[in-house]
Amino acid sequence: MDKLESYRKAIQEFLTDYASVPVSNGDIETYTAFDMLNDHYQVINVGWDGYRRVYGCAIHLDIKDGKVWLQHNSTERRVGHELVDMGVDRQDIVLGFQFPDMRQYTEFASA
């Protein structure tokens, strides 16, 4: 399996596993949205927590130019580290939510 396919597999496995854990409060559905043609991958929460509407992206990953871009993470999971544990090269992970000039100070790729 080539590197890109292994990254796709790791991302889909990670996000599917994350989405399979039910939200403990409210009536909230968690599901994955995979655009495999364009390499966009998300976990989305939709529902109600009492009278409060819950809607939004929990995790958003893209693959661009052979690298995994962590665009958004509103969870407590260390997504980059977990992807490394699943075989994604640390230098192929970009923290896209970090300001570009600050990425050089992370343990991941700058871009």
Side-chain angles (χ1 to χ4, degrees):
M1 178 182 321
D2 75 340
K3 181 172 84 166
L4 193 55
E5 279 304 311
S6 70
Y7 288 0
R8 286 179 180 127
K9 184 177 184 290
I11 288 169
Q12 291 173 34
E13 182 180 320
F14 174 77
L15 294 180
T16 300
D17 180 61
Y18 178 83
S20 71
V21 177
V23 177
S24 61
N25 55 312
D27 182 20
I28 300 169
E29 178 185 3
T30 301
Y31 63 90
T32 58
F34 297 160
D35 174 0
M36 294 179 283
L37 184 63
N38 297 298
D39 281 322
H40 303 294
Y41 307 89
Q42 296 184 8
V43 171
I44 300 168
N45 293 319
V46 178
W48 291 92
D49 182 10
Y51 294 104
R52 184 178 69 89
R53 177 70 172 157
V54 175
Y55 176 82
C57 175
I59 303 171
H60 176 174
L61 297 164
D62 292 328
I63 298 177
K64 300 189 318 185
D65 299 322
K67 294 190 178 188
V68 176
W69 284 69
L70 177 51
Q71 303 288 17
H72 180 75
N73 178 14
S74 65
T75 74
E76 294 182 7
R77 303 276 295 262
R78 297 178 58 168
V79 176
H81 293 89
E82 291 188 48
L83 290 173
V84 168
D85 292 344
M86 296 178 77
V88 177
D89 188 330
R90 184 178 302 281
Q91 291 307 308
D92 285 340
I93 297 174
V94 179
L95 302 181
F97 61 83
Q98 286 280 2
F99 186 69
D101 291 346
M102 300 305 289
R103 290 182 196 146
Q104 63 183 319
Y105 302 112
T106 71
E107 56 193 287
F108 298 101
S110 295

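For reference, positions follow the sequence shown, starting with 1.
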Partners passing salt bridge (charged side-chain N to carboxylate O under 4.0 Å, His left out) against R90 (at least two apart in sequence or in another chain): E107

Quick one: closest heavy-atom pair of A33 and I44, and the distance? CB-CD1, 4.0 Å

Would you check, one step at a time, whether the test side-chain contact (heavy atoms from CB on, under 4.5 Å) holds for V79 with Y18? CA-CA 10 Å; V79 176; Y18 178 83; over 6 Å; no

Evaluate the criterion side-chain contact (heavy atoms from CB on, under 4.5 Å) for residue pair R103 and F108; output intermediate values, then yes/no. CA-CA 7 Å; R103 290 182 196 146; F108 298 101; over 6 Å; no

Test: D92 and K3 ion pair at under 4.0 Å: yes

If you round to the nearest 0.5 Å, how far is CG of L15 from OG of S20? 11.0 Å

Rounded distance [0.5 Å steps], CD1 in I59 versus OG1 in T30: 10.0 Å

Going only through I, L, V, M, F, W and Y residues with side-chain contacts under 4.5 Å, is there a path from F97 to V94? no

Closest non-hydrogen atoms of C57 and S74, given as atom of the first, atom of the second and distance, are O-OG, 3.6 Å

Would you call D39 and R8 a salt bridge, using N to O less than 4.0 angstrom? yes

Between atom OH of Y7 and atom CG of L61, what is the distance when rounded to the nearest 0.5 Å? 13.0 Å

Can you tell me how far NE2 of H40 sits from CZ of F34, rounded to the nearest 0.5 angstrom? 13.5 Å

Same cluster for V88 and M36 if Ile/Leu/Val/Met/Phe/Trp/Tyr side chains link at under 4.5 Å? yes

Membership question, hydrophobic clusters at under 4.5 Å side-chain separation (ILVMFWY): are I28 and Y31 in the same one? no

Between D101 and Q104, what is the shortest heavy-atom contact and its length? O-NE2, 3.1 Å

For D49 and R52, indicate whether the former's side chain and the latter's backbone hold a donor-acceptor pair under 3.5 Å. no

Between T75 and A58, what is the shortest heavy-atom contact and its length? CG2-O, 3.9 Å

Neighbour count above 12 (heavy atom, 6.0 Å) for R78 CZ: no

My understanding is that only residues two or more places apart in sequence, or in another chain, count here; which of them pass side chain to side chain contact (heavy atoms under 4.5 Å, CB included) with D27? none

Counting neighbours of CG on D35 that are heavy atoms of other residues, nucleotides or ligands and sit closer than 6.0 Å, is the number greater than 12? yes

Would a single hydrophobic cluster contain both F14 and V23, if residues Ile, Leu, Val, Met, Phe, Trp and Tyr are joined by side-chain heavy-atom contacts under 4.5 Å? no

Least distance between heavy atoms, A109 atom then K67 atom: CB-NZ, 4.0 Å

Does the side chain of L83 reach to within under 4.5 Å of the side chain of L70, using non-hydrogen atoms? no

I need the H60 NE2 to H72 NE2 distance, nearest 0.5 Å. 10.0 Å

Find out if a path of hydrophobic residues (ILVMFWY) with successive side-chain heavy-atom gaps under 4.5 Å connects W48 to V54. no

Please report the interatomic distance CG(N38) to OH(Y41), rounded to the nearest 0.5 Å. 9.5 Å

